[in-house]
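Computation of the quantities below employed the complete heavy-atom set of this structure, encompassing side-chain atoms and omitting hydrogens, waters and symmetry-equivalent molecules.
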Amino acid sequence: MQHNFTGPSYTIGIEEELMICDGQTFALANAIESLLQDGDEHVKPELMESVLEIATSPAENTTQAGAELRALRREVRERATNRGLTIGSAGTHPFAMWEDQRISARPRYRDLISALRFVARQEIIFGLHVHIGMDDAEKAIHVANGLRVHLPVLLALSANSPFWRADATGLQSTRTPVFRAFPRVGIPPAYRGWDGYAREIDFMVASGVMEDYTYLWYDVRPHPNLGTVEVRVCDGQTRTEHTLGLAALIQAMVKELAEHFESGRRLSDYPYPMLDENKWLAARHGLEGELVDLPGSDRVGTKALARRLIDRLREHAQDLGSEAELEGVEDLLKGGNGASRQLVVYEANHDLREVMAEIVGATAA
């Protein structure tokens, strides 16, 4: 295993999986090929032809990343509008059927369908991925291990998928159980340093179960080729300011854990079943429920845990030049996450096209 954990530390990159929709009906449209241009580095296809991914360049802070992210959203929206299409962003499309989606004409995705069959074919979901640059491989493993306890709070804040196949599921993040059908997903194991991680990856590749480490789709993972730690637990965000708020919070988490490693301290021992249970509670209840305050056993309101975390990390965000974007997380605490906002629209008329119209409008705002 080779790696590029050479720094600079704490650079940030953001990837968003976006919906390609018909401009009139807001149904998903299998139209990715019409939106791609020669030389695209920041606009890419995904598994389904109705999905596109935008990815920012490495930036020093969320202010810089935000400028590029907004420009990319504008660019793909303009391309879509010129073709009678539009762009939306959320964790799931409220009334899409996976049976209507075409698979992108790329060898990786066709091979994925061949290997996973129905499990991959029904994966019409949309996520937010945040990459943070690291300057040391051992530090990257420590940070990835330490982030596991924070994943349920990040999921609760970002939950934005209360509908699936035209049904109100009762979950705040339906994307979570849908994606759980994949192998090698969810909260990852704790790795014993870089050598331990490399041995496990080499063993899995040698056994033929996967081609390389990018077939580990865990909620957080080291990304050796890019030299980053990648957080993948979040639902896609409708509003750009929420994407940037979550990215600023993740960047601050990474800085805190990197400094924890540099000080020679060890991480607390988190029982894996409770990490997984907390993630379920976050997917089910979002910010309105409770989580177990690990490594203890007390249950605490999820909003209170999130508030404590934000307050503790604010100084790190300030040091990184990303404090202003934390206002996006404050807005999630005050006004509710994306799932609760979708449900408010739905309760008025029980009209899922009205929900999608709201999503499209807020995605463009």
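- Partners of Tyr272 by ring pair (Phe, Tyr, Trp, His ring centres under 6.0 Å), not counting sequence neighbours: none found.
- Not one N or O on the side chain of Asp331 forms a donor-acceptor pair closer than 3.5 Å with the backbone of Glu327.
- Between Leu28 and Ile20, every side-chain heavy-atom pair lies at or beyond the 4.5 Å cut-off.
- Taking Glu315 as the reference, Asp319 meet the side chain to side chain contact (heavy atoms under 4.5 Å, CB included) condition, with sequence neighbours excluded.
- Atom-to-atom distance recorded for His129:NE2 and Thr228:OG1 is 12.0 Å, nearest 0.5 angstrom.
- Considering all non-hydrogen atoms of both residues, Ala140 and Phe5 come closest at CB-CE2, 3.6 Å.
- Looking only at distances, a side-chain donor or acceptor of Asn145 sits under 3.5 Å from a matching main-chain atom of Tyr191.
- Electrostatic pairing of Lys279 and Asp219 counts as a salt bridge here, judged by a charged N lying under 4.0 Å from a carboxylate O.
- Note on Arg312 versus Glu256: salt bridge recorded, some NZ/NE/NH1/NH2 to OD/OE distance being below 4.0 Å.
- Cluster annotation: Tyr346 and Val344 are assigned to distinct hydrophobic clusters (Ile/Leu/Val/Met/Phe/Trp/Tyr, side-chain heavy-atom contacts under 4.5 Å, transitive).
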Ile132 vs Thr11, test: side chain to side chain contact (heavy atoms under 4.5 Å, CB included). Steps then yes/no.
CA-CA 5 Å; Ile132 308 296; Thr11 54; over 6 Å; no
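- Defined by atom type and a distance below 3.5 Å, a donor-acceptor pair is missing between the side-chain atoms of Thr363 and Ser89.
- Under the 3.5 Å distance criterion, the side-chain polar atoms of Gln122 are matched with a main-chain donor or acceptor of Val119.
- Looking at Ser340 and Glu288, their side chains never bring a donor and an acceptor atom within 3.5 Å of each other.
- Proximity of Leu244 to Arg70: side-chain heavy atoms (C-beta onward) are separated by under 4.5 Å at one or more points.
- The CG atom of Leu313 lies 8.5 Å from the CD1 atom of Ile310; values are rounded to the nearest 0.5 Å.
- Among residues two or more places apart in sequence or in another chain, the salt bridge (charged side-chain N to carboxylate O under 4.0 Å, His left out) test is passed with Glu41 by none.
- Between the NE2 atom in His223 and the CZ atom in Arg232 there is a gap of 8.0 Å [rounded to 0.5 Å].
- If you take CG on Asn337 and CG on Leu343, they are separated by 9.0 Å, rounding to the nearest 0.5 Å.
- Between the His285 side chain and the Leu291 main chain, no donor and acceptor come within less than 3.5 Å of each other.
- The side-chain tip of Arg266 does not point at the ring of Phe261 from less than 6.0 angstrom away and within 45° of straight on.
- Sparse packing is recorded around CD of Glu60, with 12 or fewer heavy atoms of other residues, nucleotides or ligands lying under 6.0 Å away.
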Could you walk me through whether Thr214 and Asp212 pass the side-chain hydrogen bond (donor to acceptor under 3.5 Å, both in side chains) check?
CA-CA 6 Å; Thr214 64; Asp212 57 52; 2.4 Å; yes
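- Within 6.0 Å of CZ in Arg102 there are 12 or fewer heavy atoms belonging to other residues, nucleotides or ligands.
- In the model, Ser161 has a side-chain atom that pairs as donor or acceptor with a side-chain atom of Asp235 under 3.5 Å.
- With Asn30 contributing its side chain and Asp100 its backbone, the two residues share a donor-acceptor pair below 3.5 Å.
- Relative ring orientation between Phe179 and Phe182 is described as tilted, the plane-to-plane angle lying within the 30° to 60° band.
- Looking only at distances, a side-chain donor or acceptor of Arg341 sits under 3.5 Å from a matching main-chain atom of Gly336.
- A donor-acceptor pair is defined here as one N or O able to donate and one able to accept, closer than 3.5 Å; no such pair exists between the side chain of Ser50 and the backbone of Gln101.
- Considering all non-hydrogen atoms of both residues, Asn225 and Tyr213 come closest at N-OH, 2.9 Å.
- Each of Ile87, Thr86, Ile359 was checked for a side-chain contact (heavy atoms from CB on, under 4.5 Å) with Cys21, and the lone residue meeting it is Thr86.
- Counting only N and O atoms by type, the side chains of Asn160 and Gln342 include a donor and acceptor under 3.5 Å apart.
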Give the C-alpha distance, both sets of side-chain angles, the deciding distance and a yes or no for side chain to side chain contact (heavy atoms under 4.5 Å, CB included) between Leu154 and Leu249.
CA-CA 9 Å; Leu154 289 172; Leu249 188 62; 3.9 Å; yes
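- The neighbour count for Gln24 CD, taken as heavy atoms of other residues, nucleotides or ligands under 6.0 Å away, does not exceed 12.
- Relative to the ring axis of Tyr197, Arg192 does not place its NZ or CZ within 45° and under 6.0 Å from the centre.
- Checked for salt-bridge contact, Asp40 and Arg79 meet the test: a charged N lies under 4.0 Å from a carboxylate O.
- Contact check on Arg121 versus Glu99 returns no salt bridge, with no Lys/Arg side-chain nitrogen under 4.0 Å from an Asp/Glu carboxylate oxygen.
- Contact check for Phe126 versus Leu18: no side-chain heavy atoms found under the 4.5 Å cut-off.
- Between Thr92 and Val178 there is no side-chain heavy-atom pair separated by less than 4.5 Å.
- Looking only at side-chain heavy atoms (C-beta outward), Ser173 and Leu155 come within less than 4.5 Å of each other.
- Within the 4.5 Å cutoff, no side-chain heavy atoms of Pro58 are placed close to those of Ile12.
- Within the 4.5 Å cutoff, the side chain of Lys255 has heavy atoms near those of the Leu320 side chain.
- A salt bridge (Lys or Arg N to Asp or Glu O under 4.0 Å) check over residues 11-30, counting only residues at least two apart or in different chains, returns the pairs Glu16-Arg73.
- Taking the side chain to side chain contact (heavy atoms under 4.5 Å, CB included) definition, one finds that Val220 meets it with Ala144, Leu147, Arg148, Leu151, Pro188, Val229, Val231, sequence neighbours left out.
- With hydrogens and angles left out, the side-chain atoms of Thr169 and Asp167 include no donor and acceptor closer than 3.5 Å.
- Counting heavy atoms of neighbouring residues, nucleotides and ligands inside a 6.0 Å radius, atom CG of Asp269 does not exceed 12 of them.
- With 3.5 Å as the limit, one finds a donor-acceptor pair spanning the side chains of His260 and His142.
- For Lys139 and Asp135, the salt-bridge test passes: some basic side-chain N is under 4.0 Å from an acidic carboxylate O.
- Leu226 and Val233 fall into different hydrophobic clusters, where Ile, Leu, Val, Met, Phe, Trp and Tyr are joined by side-chain heavy atoms under 4.5 Å apart, directly or via other members.
- For Ser104 and Glu49, the side-chain atoms include no donor-acceptor pair closer than 3.5 Å.
- Taking the ring centroids of Phe95 and Trp164, they lie at or beyond the 6.0 Å cut-off.
- Judged by distance alone, the side chain of Asp293 and the main-chain N or O of Gly296 form no donor-acceptor pair under 3.5 Å.
- The environment of CZ in Arg180 is sparse: at most 12 heavy-atom neighbours from other residues, nucleotides or ligands sit within 6.0 Å.
- Remark: the Thr62 side chain and the Glu325 side chain contain an N/O donor-acceptor pair separated by less than 3.5 Å.
- Side-chain N or O atoms of Arg184 include none that pairs as donor or acceptor with a backbone N or O of Tyr218 at under 3.5 Å.
- Grouping the Ile, Leu, Val, Met, Phe, Trp and Tyr side chains by contacts below 4.5 angstrom, directly or via other members, places Met97 apart from Phe118.
- Listed by chain and number, the residues in a salt bridge (charged side-chain N to carboxylate O under 4.0 Å, His left out) with Arg314 are Glu323, Glu330 (sequence neighbours excluded).
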